[in-house]
K.L.:
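Starting off with a structure, shown below.
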Amino acid sequence: MRRRRLADLAIAVVTVTTAAACGTSTPASPGSDASGSAGTQTTHVKVGVIPIVDVAPLYLGEKKGFFRNQGIELTMESAQGGAAIVPGVVSGQFQFGFSNVTSLMIAQGKGVPVEAVVNGATSTSKVGADVTGVTVKKASPVKSAKDLAGKTVAVNTLQNIGDTTLRESVRKDGGDASKVQFVEMPFDQMPAALDGGQVDAAWMAEPFLTIAKSQGGRVVASPFAETAPNLTIAAYFTSTKLATQNPGLIKNFTEAMTKSLTYADQHPDEVRQVLSTYTKIPSQLTNSLTLPRWPATINLRSVKVLASLGEKDGIFGGKKPDLEALFR
């Protein structure tokens, strides 16, 4: 009964994904139209986010007043993935957005004018205890990453951070990464697909990783942790236009976000509490979820590793991303 209950809860949980559409919203342009508590004018800022564990520092920082202290009044606009957030930022619908760094590199390589401004989330670097993992059924013959060659593996988005890092895990384990067969599938469908035998393995993020393990799933690879130490997974970004026209806003947002990341990294219990304010993750799961790390800075060395893997796998369409322009 416990397994069935947790599986049912997955349907209600907001999907962790990097490629989907978002709902409509009314564009908000930043303007100074109100006075803050310290007598300074307040700038209204809209941030495009994915309602997942990774963005908890943003909500926690708002609760703690870190953004108000920088003269910023936040509005968070939820989307299902970075594919919807990137055009929203470029068009001015959002002043800032959250996306995994591979998606940002793909966009920048296509000439989309975006810039990363501050870290978003980082891997735990712990194999078997990271924020994502490749899971198989308990009785599966797959014992480690190399055994995934010739198997069907679900990822939430093809040609993105999931399959590039998973291939690296297979290569490092001595397997033939070219023989892994990837299938695109939303995270929230993966536990049931794995349990029903529709796929041999699934690369899952939290909370679906915890759900799959509660159903007897085994983690056989931790692609983020196995790709590079302290791998930067995601970042907050803005448009090149806004960065040029309003550097003061970029500075204030970055400073508030940096404080938020540091606080979240040091107060995991408060992170788990704030999850209920913006996600549908059931309270039964919040205490068992693996949280990412939230260092204040982007690990550029790890980003270069992701860029190299993306080039190797051909996800940039032959055009190398300009990391110096993207991560100024």
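Heads up: numbering here begins at 1 and tracks the sequence.
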K.L.:
So, taking the atom named OG1 in T164 and the one named CZ in F182, what distance separates them when rounded to the nearest 0.5 Å?
P.N.:
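Separation between the atoms: 8.5 Å.
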K.L.:
Given side chains that start at C-beta, do those of M185 and V199 come closer than 4.5 Å, heavy atoms only?
P.N.:
yes
K.L.:
If we ignore hydrogens and angles and just use 3.5 Å, is the side chain of S308 paired with the main-chain N or O of V305 as donor and acceptor?
P.N.:
no
K.L.:
Anything under 30° is parallel, anything over 60° is perpendicular, the rest tilted; go ahead and classify W203 against F224.
P.N.:
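Perpendicular.
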K.L.:
Which pair of heavy atoms, one from K143 and one from D147, lies closest together, and at what distance?
P.N.:
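Closest pair (atom of K143, atom of D147, distance): N-OD2, 2.9 Å.
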K.L.:
Given 3.5 Å as the limit, does a donor-acceptor pair link the side chain of S239 with the main chain of L242, or not?
P.N.:
yes
K.L.:
Would L300 end up clustered with F237 when hydrophobic side chains under 4.5 Å apart are linked, directly or stepwise?
P.N.:
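Same hydrophobic cluster.
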K.L.:
CG of L148 to OG1 of T152: how many Å apart, nearest 0.5 Å?
P.N.:
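L148 CG to T152 OG1: 10.5 Å, rounded to 0.5 Å.
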K.L.:
Before accepting this row, confirm whether a basic side-chain N of the pair E324/R328 lies closer than 4.0 Å to the acidic partner's carboxylate O.
P.N.:
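The answer is no: the pair does not qualify as a salt bridge.
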K.L.:
Nearest heavy-atom pair of R218 and K138: which atoms, and what distance?
P.N.:
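Closest approach of R218 to K138, heavy atoms only: NE-O, 3.1 Å.
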K.L.:
Any side-chain heavy-atom pair from R293 and D265 closer than 4.5 angstrom?
P.N.:
yes
K.L.:
Testing the 3.5 Å rule here: is there a donor-acceptor pair between the side chains of N230 and T122?
P.N.:
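N230 vs T122: no donor-acceptor pair found between side chains.
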K.L.:
Under the side-chain contact (heavy atoms from CB on, under 4.5 Å) criterion, do E184 and T157 qualify, and how do the steps go?
P.N.:
CA-CA 6 Å; E184 187 169 289; T157 309; 4.3 Å; yes
K.L.:
Hey, are the side chains of L306 and T165 touching, using non-hydrogen atoms and a 4.5 Å cut-off?
P.N.:
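Contact flag for L306/T165 side chains = yes.
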K.L.:
Does L158 share a hydrophobic cluster with V170, counting links as ILVMFWY side-chain heavy atoms below 4.5 Å and allowing steps through other members?
P.N.:
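In one cluster with L158: V170, yes.
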K.L.:
Under a 3.5 Å threshold, yes or no: a donor from one side chain and an acceptor from the other, between S103 and N160?
P.N.:
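Per modelled atom types, S103 and N160 side chains form a pair under 3.5 Å.
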K.L.:
So if you build clusters from Ile, Leu, Val, Met, Phe, Trp, Tyr with side-chain heavy-atom gaps below 4.5 Å, do L209 and V127 land together?
P.N.:
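Looking at the clustering, V127 is in a separate group from L209.
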K.L.:
Consider only side-chain heavy atoms of I, L, V, M, F, W and Y, link residues closer than 4.5 Å, and tell whether L166 and L309 are in one cluster.
P.N.:
no
K.L.:
Give the intermediate values and the outcome of side-chain contact (heavy atoms from CB on, under 4.5 Å) for residues V49 and Y59.
P.N.:
CA-CA 11 Å; V49 297; Y59 288 85; 3.6 Å; yes
K.L.:
Hey, what do you get for CH2 (W294) to CE (M257), rounding to the nearest 0.5 Å?
P.N.:
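Those atoms lie 9.5 Å apart.
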K.L.:
Would S178 and D176 count as having a side-chain donor-acceptor pair, cut-off 3.5 Å?
P.N.:
yes
K.L.:
Do N299 side-chain atoms and P229 backbone N/O form a donor-acceptor pair below 3.5 Å?
P.N.:
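Yes: the side chain of N299 pairs with the backbone of P229.
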K.L.:
Kindly compute the distance separating OG (S78) from CD1 (I85), expressed to the nearest 0.5 Å.
P.N.:
8.5 Å
K.L.:
Return the minimal non-hydrogen interatomic distance between P207 and L285, and the atom names on each side.
P.N.:
CB-CD1, 4.2 Å
K.L.:
Could you tell me whether the side chains of T238 and E115 share a donor-acceptor contact shorter than 3.5 Å?
P.N.:
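There is no such pair between these side chains.
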K.L.:
Between N287 and R272, is the side-chain contact (heavy atoms from CB on, under 4.5 Å) condition met? List the steps.
P.N.:
CA-CA 7 Å; N287 289 332; R272 296 182 191 279; 4.0 Å; yes
K.L.:
Tell me, do L289 and V53 make a side-chain contact under 4.5 Å, heavy atoms counted?
P.N.:
yes
K.L.:
Do other residues, nucleotides or ligands put more than 12 heavy atoms under 6.0 Å from the NZ atom of K146?
P.N.:
no
K.L.:
Can you check salt bridge (charged side-chain N to carboxylate O under 4.0 Å, His left out) on K259 and E255, steps first, answer last?
P.N.:
CA-CA 6 Å; K259 290 180 181 178; E255 289 184 1; 6.0 Å; no
K.L.:
Do R171 and K312 have side chains that get closer than 4.5 Å, going by heavy atoms?
P.N.:
yes
K.L.:
Please report the closest heavy-atom contact between N119 and L261, naming both atoms and the distance.
P.N.:
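Of all heavy-atom pairs spanning N119 and L261, the closest is O-CD1, 3.4 Å.
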K.L.:
Heavy atoms only: give me the nearest Q108-A325 pair and the separation to one decimal.
P.N.:
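Residues Q108 and A325, closest heavy atoms: NE2-CB, 3.8 Å.
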K.L.:
Identify the residue among T210, I52, T286 that makes a side chain to side chain contact (heavy atoms under 4.5 Å, CB included) with I281.
P.N.:
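So, applying the side chain to side chain contact (heavy atoms under 4.5 Å, CB included) to I281 and each of T210, I52, T286, only T286 qualifies.
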K.L.:
Enter the distance from K151:NZ to Q181:CD here, rounded to the nearest 0.5 Å.
P.N.:
9.5 Å
K.L.:
Less than 4.5 Å apart, side chain to side chain, heavy atoms only: is that true for K64 and E270?
P.N.:
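A side-chain contact exists here, since the closest heavy-atom pair is under 4.5 Å.
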K.L.:
Between atom CG of D200 and atom CG of L194, what is the distance when rounded to the nearest 0.5 Å?
P.N.:
9.0 Å
K.L.:
Tell me, with the steps shown, if F96 and Y236 meet ring-ring contact (aromatic ring centres under 6.0 Å, His included).
P.N.:
CA-CA 7 Å; F96 299 92; Y236 290 91; 8.5 Å; no
K.L.:
Go through it in stages, so that I can follow the logic: the residues are F98 and L58, the test is side-chain contact (heavy atoms from CB on, under 4.5 Å), and I'd like the CA-CA distance, side-chain angles, deciding distance and then a yes or no.
P.N.:
CA-CA 10 Å; F98 176 91; L58 182 69; over 6 Å; no
K.L.:
Under 4.5 Å between any side-chain heavy atoms of V303 and I298, yes or no?
P.N.:
yes
K.L.:
Below 4.5 Å, heavy atoms only, C-beta onward: do T135 and V220 meet side chain to side chain?
P.N.:
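No. Closest side-chain heavy atoms not under 4.5 Å.
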K.L.:
Side chains of D130 and S123: is there a donor and an acceptor less than 3.5 Å apart?
P.N.:
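Their side chains do contain a donor-acceptor pair, which is all the 3.5 Å distance test asks for.
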K.L.:
Would you name the heavy atoms of T232 and S302 that are closest together and state the gap between them?
P.N.:
N-OG, 3.0 Å
K.L.:
For F253 and F67, what are the C-alpha separation, side-chain angles and deciding distance, and is it a ring-ring contact (aromatic ring centres under 6.0 Å, His included)?
P.N.:
CA-CA 7 Å; F253 179 85; F67 291 92; 5.7 Å; yes
K.L.:
Look only at the side chain of K172 and the backbone of T227, and say whether a donor-acceptor pair between them is shorter than 3.5 Å.
P.N.:
yes
K.L.:
Does K63, at its NZ atom, have more than 12 non-hydrogen atoms belonging to other residues, nucleotides or ligands within less than 6.0 Å?
P.N.:
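At most 12 heavy atoms, drawn from other residues, nucleotides or ligands, come within 6.0 Å of this atom.
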K.L.:
When you measure from the side chain of S222 to the backbone N and O of G128, does any donor-acceptor pair fall under 3.5 Å?
P.N.:
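Between the backbone of G128 and the side chain of S222 there is a qualifying donor-acceptor contact (under 3.5 Å).
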K.L.:
Do the side-chain N and O atoms of S144 and D173 include a donor-acceptor pair separated by under 3.5 angstrom?
P.N.:
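D173 and S144 do have a side-chain donor-acceptor pair below 3.5 Å.
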K.L.:
Would you check if the side chain of S91 reaches a backbone N or O of G88 as a donor-acceptor pair within less than 3.5 Å?
P.N.:
yes
K.L.:
Between E206 (side chain) and T290 (backbone), is there a donor-acceptor pair under 3.5 Å?
P.N.:
yes
K.L.:
Please check if the side chain of S140 supplies one atom and the backbone of V136 the other of a donor-acceptor pair under 3.5 Å.
P.N.:
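Looks like no, no N/O pair under 3.5 Å.
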